[in-house]
Amino acid sequence: MLTACFHEYHRSMNVTAIRSSLLHCLRDPGLSGDASAVEYLPDAITLVRDGYIENVGPAEALLPTLGQGVSIDDQRGKIMVPGFIDTHVHYPQVDVIGAYGTQLLDWLSRYTFPAETKFADRAFADTAAAFFLDRLLENGTTTASVFCTVHPQSVDAFFTASEARGLRMIAGKCLMDRHAPEALMDTAETGYRDTKLLIERWHEHARSLYAITPRFAPTSTIAQMEKMKALSHEHPTTYIQSHVAENKAEIAWAAELFPGHRSYLDIYDHYCLLRDKAIYGHCIYLDDADRARMTAAGARPSFCPTSNLFIGSGLYDLKQAIAAGNVVGVGTDVGGGTSYSMLRTLGEAYKVQQLQGTSLSPAYALYLATLGGAKALSLDDKLGSIAPGKEADFALLDPKATPLLARRTAVLDDPLDTFFALMTLGDDRAVAATYANGVCVHSRPG
Ligand code: GUN
Ligand code: ZN
């Protein structure tokens with residue numbers, strides 16, 4: 001069901017001034033969190049025109065300059081943050097979230113592949129895409145890098161729904177021509193052809209961006225890997241998304257299927273699938289040479305803490321990745337992951353780093369979910385901070401959303417401490433409203 005304010009999207013675009021407090025990153029604050037990289041305005045005006053941020057600054061300075069026709073959306077008490085960016089998620093896995101008792105390879109065959117077969121049905125895919133996007137929006141997420149299924153119609157369903165909501169989204173059809181149920185396989189040739197058609201239909205259409213999507217190396221033959229190499233060369237502005245080095249049994253299987261490679265990552269490298277705009281989920285078991293190669297090639301890891309914990313994959317070492325120069329994003333990876341909430345995902349990211357003796361600062365956590373995520377997706381010229389000229393995607397967080405949050409945040413003075421409380425205790429209840437393309441696409445009732 002669409003939220004009430006979604007319908008405003010279809011009205012003509014105009015100028016709106018939103019009054020709230022505002023918290024965002026101006027640059028990379030580093031893992032330990034250089035507070036000077038973060039800007040906080042206790043009472044700000046964000047002026048939005050035709051989907052873009054036109055101006056932002058203290059209310060005291062901007063209010064007197066606003067023209068007569070400018071309506072003010074008064075959100076005082078809420079904290080505006082850039083729309084969250086989920087760098088790795090599967091929309092067709094809405095029905096397998098929280099599936100009991102397996103690790104990656106069994107989880108795929110027992111739960112995930114059967115669920116994905118349903119997306120051959122366009123009507124089913126339409127409903128799931130709408131449901132999924134409404135979950136993202138209620139969690140303040142406005143951009144994601146999204147896996148569809150092998151079925152081209154699952155991509156049509158997804159982009160139709162995301163464009164109806166005015167969203168900037170990256171998505172693609174899974175390429176998989178072996179080691180999957182018959183109903184979920186393409187061939188090297190049909191995968192190539194269908195991907196090309198989808199790129200022509202959706203890449204850079206409205207705010208949509210296409211990702212060439214090898215599911216993971218074990219479900220593609222060498223012939224299909226060769227076709228993906230061709231696709232990547234023929235369409236250099238597209239994205240690439242896949243999985244790598246997530247689970248030990250998966251890594252052993254990939255080595256068996258592709259003998260002679262130095263590492264799992266090297267398989268993708270061999271087929272020219274490491275480049276700028278290539279995002280790899282998990283990357284838990286990369287070694288130093290792999291991490292250096294990711295940096296040199298411009299490929300980006302997506303850290304998926306709730307998934308890595310839930311399906312028992314392992315602990316991602318963020319400090320090591322950053323030291324190697326990797327540009328890391330964070331992903332929910334639902335349905336391996338257990339929440340669409342980037343706040344909760346950051347809370348789990350913090351715990352995963354704690355287990356390895358590193359404290360993820362609230363400033364860096366905010367960065368990972370916003371400007372850092374945008375950078376990981378090469379979209380930081382458009383997204384990730386609240387600055388003139390950027391696309392007007394943001395969320396309004398409510399530090400008093402629950403009795404516990406209200407009590408905890410009442411004793412905090414520092415806005416970054418408040419953000420830390422939100423990522424430790426918050427979820428969709430803490431997202432009062434979400435705006436995409438300058439329009440309110442979700443507002444929490446009450
Ligand atoms: N590896 C290959 N496919 C998948 C998937 O759907 N989820 C996760 N977490 N890992 C994968
Ligand atoms: Zn995944």
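When a ligand or atom number is given, it counts from 1 through the structure's own listing order.
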*Check whether any N, O or S atom of H282, backbone or side chain, sits closer than 2.8 Å to the Zn ion (ligand 2).*
no
*side-chain hydrogen bond (donor to acceptor under 3.5 Å, both in side chains) partner of R165, the single match among N437, T142, D134*: D134
*Return a yes/no value for E116: is any of its N or O atoms, backbone included, closer than 3.5 angstrom to an N or O of ligand 1?*
no
*Kindly confirm whether the Zn ion (ligand 2) is within less than 2.8 Å of some N/O/S atom in E246?*
no
*Pairwise ring-ring contact (aromatic ring centres under 6.0 Å, His included) hits with a residue in residues 159-178, at least two apart*: F159-W202
_Give me the residue, atom name and distance of the protein heavy atom closest to atom 6 (O) of ligand 1._
R215 NH2, 2.7 Å
*Does T219 approach ligand 1 within less than 4.0 angstrom via side chain, backbone, both or neither, non-hydrogen atoms only?*
neither
*With a cut-off of 2.8 Å, does C304 place any N/O/S atom under that distance from the Zn ion (ligand 2)?*
no
*Within a radius of less than 6.0 Å around CZ of R408, do more than 12 heavy atoms belonging to other residues, nucleotides or ligands occur?*
no
*asked:* Could you check whether any side-chain heavy atom of L26 comes within less than 4.5 Å of a side-chain heavy atom of H24, counting everything from C-beta outward?
replied: yes
_Sub-3.5 Å N/O-N/O distance, T112 and ligand 1_ = no
*Are W107 and ligand 1 in contact, using a heavy-atom cut-off of under 4.0 Å?*
yes
*Given the side-chain rings of H88 and F147, with only the six-membered ring counted for Trp, is the space between their centroids under 6.0 Å?*
yes
*In D333, the N, O or S atom nearest to the Zn ion (ligand 2) is which?*
OD1
_Suppose I only count heavy atoms of D333 and a 4.0 Å limit; which atoms of ligand 1 are within that range?_
8 (C), 9 (N)
*Y91 and F119: aromatic ring centres closer than 6.0 Å?*
yes
_At less than 4.0 angstrom from any non-hydrogen atom of H282, what atoms of ligand 1 do you find?_
9 (N)
*Which salt bridge (Lys or Arg N to Asp or Glu O under 4.0 Å) pairs, counting each pair once, include a residue from residues 308-326, with sequence neighbours left out?*
none
_Given the Zn ion (ligand 2) as the apex, I'd like the angle to NE2 of H88 and NE2 of H90, rounded to 10 degrees._
110°
*Picking from T141, T143, N139, T332, what satisfies side-chain hydrogen bond (donor to acceptor under 3.5 Å, both in side chains) with D86?*
T332
*Give a yes/no verdict on whether any heavy atom in E250 is under 4.0 Å from an atom of ligand 1.*
no
*Apply the test side chain to side chain contact (heavy atoms under 4.5 Å, CB included) to residues Y239 and I279: give CA-CA distance (whole Å), side-chain angles for both, the deciding distance (0.1 Å), then the verdict.*
CA-CA 8 Å; Y239 286 78; I279 306 129; 3.8 Å; yes
*Among all protein heavy atoms, pick the one closest to atom 10 (N) of ligand 1 and tell me residue, atom and distance.*
E246 OE1, 2.7 Å
